[in-house]
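Notes for the one structure printed next.
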Amino acid sequence: MGKRIYLCLAHMGGKELAFIQEAFDTNWVVPLGPNVNGFEDDLKKFTGGDREVVALSSGTAAVHLALIACGVGPGDEVIVQSFTFCASSHPVTYLGAVPVFVDSEKDSWNMDPDLLEEAIRDRIAKTGRKPKAIIPVALYGMPYRIDEIMKIADSYGIPVIEDAAEGFGSRFDGKVLGTFGRFGVLSFNGNKMITTSGGGALICPDTASKTEIMFYATQAREAYPYYQHERIGYNYRMSNICAGIGRGQMFVLDEHIAHHKHICSLYKELLSGVEGIALHENPSGRYDSNYWLNTVVIDPELHVRGEEHAYETAVQGAVGGAAGVTHAASALHTDCEPNRNIEAMRMALDAAGIEARPLWKPMHRQPVYRNSPAYVNGVSEALFKTGLCLPSGPYVTDDDARYIVDTIRENIL
């Protein structure tokens, strides 16, 4: 086997080292510092210039702090898109609150506005209180129907926290995601559009809210000549070194976005004529996805070589490699899993040195959230069972894309 083709790997543009070296030369390697300030200024400019930005240790931290700023506490309910990574919902539980999951609509794969309003009305009827926040998610970079979501949220006076962790650089009606709601979440994990090696940011509506977020992100210390804490804070600030990487990455952001879009166009061309496989694309001209990950759905009737061996062997470790420690699977199957042809295609691509992954498993089907309220229409479950993520990052070449599609074709029966 030759080189392995990964979904999306960090790509350095060359200017990162200068900012890191400056941090070493000045011995400013702790959180805060010139690079943090510069990175926040760069992000503010990119997102339109009329909002403030706080650089943080992760996108998850940004979600957590945004919830705190929205007044979420024990017993409160927060509406969260079900079709997402767990970082959108886990911070709700950190605060003792309850996530209320809302399913997706078919076009963008993101939060269904009709179900959203149904959920709000039903929660008010059942609990006598409205949810404290709404979290739509830019799944794989695709914008959500933010115009409809904001109209509903505003009519009930509920703040919106946009989880644009996967959608940095994506736009709706020409406006950058993360700048419509009260707060916007960004991620700079090693597999995102740009990286700080690990990190995130929170887009804030004004200076006062940024100051409050920074207060909580630096352990909520009061202004005394000794350590005085009157509220619970967190160690969530970004280091000056990581921010230096981010400043360098901003020089290649547009290039990265253009590359992801180019790979999408190439997949579209190469997959044309392949019956039973559909590439997910912008639903209309109002949507402008960064195509962080290009995704396809495979018809259940399309048969793939090796289907009879799907789920025969337990996966050892995390699919995708450097995802940390996992528990050994307790069984070969769960009650909600991708179809056999999806698993067979993933296995075939893996054997050919190509990383592919199923779509996110909906949160309302996760065992840890089995008791959480959910408003579903079957869309996210159907997509999970039929969808696959394909390599899309800056290291994926045109030849790689051709090899990937050739491998897909070769394994269709």
Side-chain angles (χ1 to χ4, degrees), residues 32 36-73 76 78-81 87-88 91-92 95 97 110-111 113 116 120 130-138 143-188 199-218 220 231 233-234 236-238 243 246 250:
L32 307 178
V36 175
N37 296 336
F39 187 40
E40 290 175 344
D41 289 342
D42 292 341
L43 293 170
K44 177 178 178 178
K45 181 179 179 180
F46 181 83
T47 55
D50 57 346
R51 296 204 169 200
E52 299 295 332
V53 180
V54 182
L56 298 165
S57 58
S58 68
T60 309
V63 175
H64 190 188
L65 295 178
L67 289 166
I68 291 173
C70 289
V72 176
D76 289 332
V78 175
I79 292 182
V80 185
Q81 182 170 310
S88 305
V92 176
L95 295 167
N110 294 320
M111 184 178 285
L116 167 63
I120 294 171
K130 64 187 180 183
K132 293 295 288 286
I134 299 168
I135 306 178
V137 182
Y144 24 73
R145 290 185 178 176
I146 190 60
D147 56 339
E148 297 175 53
I149 291 170
M150 287 303 303
K151 183 177 180 180
I152 293 167
D154 289 344
S155 70
Y156 289 93
I158 303 174
V160 171
I161 300 169
E162 295 179 69
D163 186 344
E166 299 171 10
F168 186 39
S170 297
R171 300 171 186 266
F172 186 85
D173 280 343
K175 187 176 179 182
V176 174
L177 296 189
T179 61
F180 292 85
R182 183 174 299 181
F183 293 99
V185 173
L186 302 176
S187 173
F188 310 119
L202 188 63
I203 303 171
C204 303
D206 49 44
T207 301
S209 61
K210 174 179 178 175
T211 300
E212 190 71 357
I213 292 295
M214 291 175 66
F215 168 75
Y216 279 105
T218 48
R231 283 173 281 182
Y234 307 89
Y236 280 168
R237 288 314 309 270
M238 181 180 287
M250 290 299 291

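The side-chain hydrogen bond (donor to acceptor under 3.5 Å, both in side chains) pairs that include a residue from residues 54-71 are His64-Tyr236, where partners are two or more places apart or lie in different chains.
Here the straight-line distance linking atom CD1 of Ile79 with atom CD1 of Ile120 works out to 4.5 Å at 0.5 Å rounding. Taken from CE in Met214 to CG in Leu65, the straight-line distance is 11.5 Å, to the nearest 0.5 Å. Expressed to the nearest 0.5 Å, how far CG of Asp50 lies from CG of Asp206 amounts to 11.0 Å. The distance from the CG atom of Leu116 to the OH atom of Tyr144 is 13.5 Å, given to the nearest 0.5 Å. Going from atom CG of Asp163 over to atom OG of Ser88 covers 3.5 Å, rounded to the nearest 0.5 Å.
Within 6.0 Å of NZ in Lys45 there are 12 or fewer heavy atoms belonging to other residues, nucleotides or ligands.
Not a single donor-acceptor pair under 3.5 Å links the side chain of Glu148 to the backbone N or O of Pro113. Side-chain atoms of Asn110 never come within 3.5 Å of backbone atoms of Arg145 as a donor-acceptor pair (strictly under, hydrogens ignored). For the pair Asp173 (side chain) and Lys175 (backbone), a donor-acceptor distance under 3.5 Å is absent. Distance alone, capped at 3.5 Å, is enough to place a donor-acceptor pair between the Arg237 side chain and the Ala55 backbone.
Residues Ser209 and Pro205 approach most closely at OG-CD, 3.2 Å, considering heavy atoms. The two atoms that bring Arg231 and Ala220 nearest to each other are O-CB, 3.4 Å, heavy atoms only. In this structure, Ala66 and Ile213 approach most closely via the heavy-atom pair N-CD1, 4.5 Å.
A search for side chain to side chain donor-acceptor pair (under 3.5 Å) contacts involving Glu52 returns Lys44, not counting sequence neighbours. Annotation: salt bridge (charged side-chain N to carboxylate O under 4.0 Å, His left out) contacts of Asp41 (sequence neighbours excluded): none. Asp76 is linked by a side chain to side chain contact (heavy atoms under 4.5 Å, CB included) to Val72, Ala97, Arg129, Lys132, counting only residues two or more places apart in sequence or in another chain.
Considering Ile203, Ile146, Val137, Ile135 as possible partners of Glu162, the one that fulfils the side-chain contact (heavy atoms from CB on, under 4.5 Å) test is Ile146. Among the candidates Met150, Met111, Gln81, the single residue satisfying the side-chain contact (heavy atoms from CB on, under 4.5 Å) test with Ile134 is Met111.
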Kindly indicate, with the supporting measurements, whether the criterion side-chain contact (heavy atoms from CB on, under 4.5 Å) is fulfilled by Leu43 and Phe39. CA-CA 6 Å; Leu43 293 170; Phe39 187 40; 3.8 Å; yes
All N/O donor-acceptor pairs, side-chain side in residues 152-161, below 3.5 Å, sequence neighbours left out:
| residue | atom | partner | partner atom | Å |
| --- | --- | --- | --- | --- |
| Ser155 | OG | Ile152 | O | 2.6 |
| Tyr156 | OH | Glu117 | OE2 | 3.2 |
| Tyr156 | OH | Arg121 | NE | 3.1 |

Less than 3.5 Å apart, which donor and acceptor atoms pair up between the side chains of residues 176-188 and the rest of the protein, not counting sequence neighbours?
| residue | atom | partner | partner atom | Å |
| --- | --- | --- | --- | --- |
| Thr179 | OG1 | Val176 | O | 2.5 |
| Ser187 | OG | Asn189 | N | 3.3 |

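Here the side chains of Ile68 and Tyr234 are in contact, with some heavy-atom distance below 4.5 Å.
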